[in-house]
K.L.:
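This is the structure I want to talk about, given as structure tokens.
Whatever order the structure lists them in is the order used to number ligands and atoms, beginning at 1. Note that the numbering runs from 1 along the sequence shown for the chain.
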Amino acid sequence: MPSKTEETFVNHLLAQMSLEEKLGQLNQVNPGSEFDPSVLREGKAGSLINASGALTGQGFSDSGSAELSNHFQKLALEARLKIPLLFGRDVIHGFRTVFPIPLAQAAAFDPDLAGQAASIAAREATASGIKWTFAPMLDIARDPRWGRVAEGNGEDPFLASQMARAVVKGFQGDDLSAPEKLIACAKHYVGYGAAEGGRDYENGEISEPTLRDVYLPPFHAAVKAGAGTLMSAFIDLNGIPATANRRLLTDVLRGEWGFDGFVVSDWESVKELIHHGVAEDEAHAACLALQAGLDMDMVSGVYLNTLGESLRQGKISMEEIDEAVRRILRIKHRAGLFDQPFTDPLRARRDLLTPEARNLARQFARQSMVLLKNDRDLLPLQGFRRILVAGPFVHARGELFGTWTPDGRTEDVTPLDEALRQTAPKDVELWFAEATDLALHLAHHADAVVLLLGEHPVRSGENCNVSDLGLPPGQAEFVQAMAALGKPLVLVVFAGRPLAITQQVSLADAVLYAWHPGIEGGAALGEILFGVEAPSGRLPITFPRATGQVPIYYNQKNSGRPVHPEGQFKTRYLDLPPSPLFPFGFGLTYTRFEYSNLRLSSDTLRGTLEISAEITNIGARPGAEVVQLYIRDLVGSLTRPIRELKGFQRVTLQPGESRCVSFTLREEDLAFTRADGTFGVEPGKFHVWVAPDSVSGLRGEFRL
Ligand code: NOJ
């Protein structure tokens, strides 16, 4: 809710504005090569996107700097009404301190940590003159062919909502006007991850109940956490481009959720309404978007250029323009820009890449890596004197960053080989080989082999879709040749998506999924390989056995002929088992945990229900377990998922130690979009699991 002072301020300013000045506020400009700074002096821009050169997050661009922003801000404040500019930039998983990619962050199952990382990113970005980030990305993704799966939290709405809340709070804090706080932008609203075939920008169809119960909840969580802005998605969803969808941008977002911030389009997506075929020309596109509830036009210029004429022709009203301006001014005011339009240039030296930030990046990288296989406890590596480390990532530096790191610097990263050397025990000899033939030659003389494989960041992120989820060309053959030598074999996979590595998993003794782990990825990996730390990440997305299994996700519906390995008339593939390679929630560590004593406080949920289980570390090492709570609503007016995540807790236990882990399930946690379109619960029988992943665990039952 806007405060009274905020609204008085905004309305007072609005009352003094000319039509041109109002349209200027709705216009975000890109200071690229054709940029004419006089637009700032003339009040023709409300925001500046400092992203020149990093259009899709591949590669590096000039970093934002306080000096540069201050320079532009000075020009903007020369305009008649002195309305400050809002500087936006893609600060996606860290700024100078690059944290693991968002998908990896989700794998840590630790929203608090994600919140702390966001807060560091906010401090670094604001020190560099940026006050607005285009993050968090909250798109649910069930198709890893889509390159942008790297940028989100995976497939689960509960986990994504927890992350949304933590990250928005981390960026924004409680007071957006504090100099080190950054305005969040929940994107891409909505359904962007459902692009057909995993092809970015492609259309998507999502049924209303699935939209409501799967795709919208993370956005609702971000709005409840106070996100100042949202970005509309490029997608044509169910026939209406998200940028022109009045029902979603206005009825749901403002009407149902009470959002009082503003919505920015994605890059030129207002103008793209013409390509979509819902707008005849630029003027028509601008009217459709404005009337849908889209407030700021990212760089296409069509609001600035056409809305004035459309107003004169009576196609839109001044009230509609005013409302969009009001929302933008409100957020500028809330962010303290009118009082503090400039950034102290001395901050950068103090606030960028602090030891505290690096430590957090290392902890996050460690927690996000997922151990997928560890036969005969090969990891941590012990008792091997000569270890060969081979593969394309051996000397990786900036390659560890992942997609969207325009402000990360390669020289800040300790090369992977160097980091491993620093973490290996003194009596271990490490040999490194990037080239395949050298590696195969050296392997004969090594006691164990670690292969560092996977995808380069340029193969992940915006519009980096693949039709084949296998390892990049040549790597599968490399694994096969290495496995044929019969040495103990560890695979470390760097990637921005789940890869279908079925064959490689069967060939290797141990597999660690490292994602793109960020600036401290090398040290984190070394600590895990050599047992200084234990891995504790869990999969935030299902891993398919083969590309053809996609989409495959844990919270599917049961169907009338549910999965059965032998069933001729049950759902199946002839050439693949029905199960995924690894399920959602899965991950091993260096010890084992036993689940026992499932207890429910009652056999009926009235208001709330307590569910607990005892978790025991039955191995010989300390370790962290992510204990997960799932439910299944057995009968509904609409078919219900076979499991739904409703809670998780990380617990660290010493060998032999037991802990009672308990969850509270509330009646509203069981609500869903029912057959009549309303949201609520339905009485009946439920299953509940306290589980280490989405396919196992202790099962109980209760009624509502
Ligand atoms: C396009 C991308 O879809 C979006 O995520 C990003 O924030 C904008 N470009 C701005 O760079």
K.L.:
Taking 4.0 angstrom as the limit and counting only heavy atoms of Phe134, give me the atoms of ligand 1 inside it, by number and element.
P.N.:
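It comes down to these atoms of ligand 1: 7 (O).
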
K.L.:
Can you list the residues that meet the salt bridge (Lys or Arg N to Asp or Glu O under 4.0 Å) rule with Arg165, with sequence neighbours excluded?
P.N.:
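Salt bridge (Lys or Arg N to Asp or Glu O under 4.0 Å) check on Arg165 returns nothing, list empty.
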
K.L.:
Based purely on interatomic distance, does Asp90 place a nitrogen or oxygen under 3.5 Å from a nitrogen or oxygen of ligand 1?
P.N.:
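In this structure, Asp90 places an N or O atom under 3.5 Å from an N or O of ligand 1.
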
K.L.:
Could you tell me if Glu124 and Thr97 have a donor-acceptor pair between their side chains, going purely by distance under 3.5 Å?
P.N.:
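Per modelled atom types, Thr97 and Glu124 side chains form a pair under 3.5 Å.
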
K.L.:
Check if Arg148 has a non-hydrogen atom at a distance under 4.0 Å from any atom of ligand 1.
P.N.:
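In this structure, Arg148 qualifies as a contact of ligand 1 - some heavy atom is under 4.0 Å.
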
K.L.:
Decide if the gap between the ring center of Phe543 and the ring center of Tyr513 is smaller than 6.0 angstrom.
P.N.:
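So the answer is yes for these two rings.
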
K.L.:
Please verify whether a non-hydrogen atom of Met137 lies at under 4.0 Å from ligand 1.
P.N.:
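In this structure, Met137 fails to qualify as a contact of ligand 1 - no heavy atom is under 4.0 Å.
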
K.L.:
Show me which atoms of ligand 1 lie under 4.0 Å from any heavy atom of Lys187.
P.N.:
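With Lys187 as reference, the close atoms of ligand 1 come out as 4 (C), 5 (O), 6 (C), 7 (O).
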
K.L.:
Please say whether Trp404 places an N or O atom under 3.5 Å from an N or O atom belonging to ligand 1.
P.N.:
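Among all N and O atoms of Trp404, none is under 3.5 Å from an N or O of ligand 1.
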
K.L.:
Mind checking whether Tyr201 has a heavy atom under 4.0 Å from ligand 1?
P.N.:
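The answer is no, since Tyr201 has no heavy atom less than 4.0 Å from ligand 1.
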
K.L.:
Can you list everything that forms a salt bridge (Lys or Arg N to Asp or Glu O under 4.0 Å) with Glu196? Sequence neighbours excluded, please.
P.N.:
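Scan of Glu196 (salt bridge (Lys or Arg N to Asp or Glu O under 4.0 Å), adjacent residues dropped) gives none.
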
K.L.:
Okay, side chain of Arg327, backbone of Asp295: is any donor-acceptor separation there less than 3.5 Å?
P.N.:
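Between the backbone of Asp295 and the side chain of Arg327 there is no qualifying donor-acceptor contact (under 3.5 Å).
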
K.L.:
Determine whether the aromatic ring centres of Trp132 and Phe171 lie less than 6.0 Å apart.
P.N.:
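Distance test on ring centres: not under 6.0 Å, no.
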
K.L.:
Under a heavy-atom criterion of less than 4.0 Å, does Glu151 contact ligand 1?
P.N.:
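The answer is no: ligand 1 sits nowhere under 4.0 Å from a heavy atom of Glu151.
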
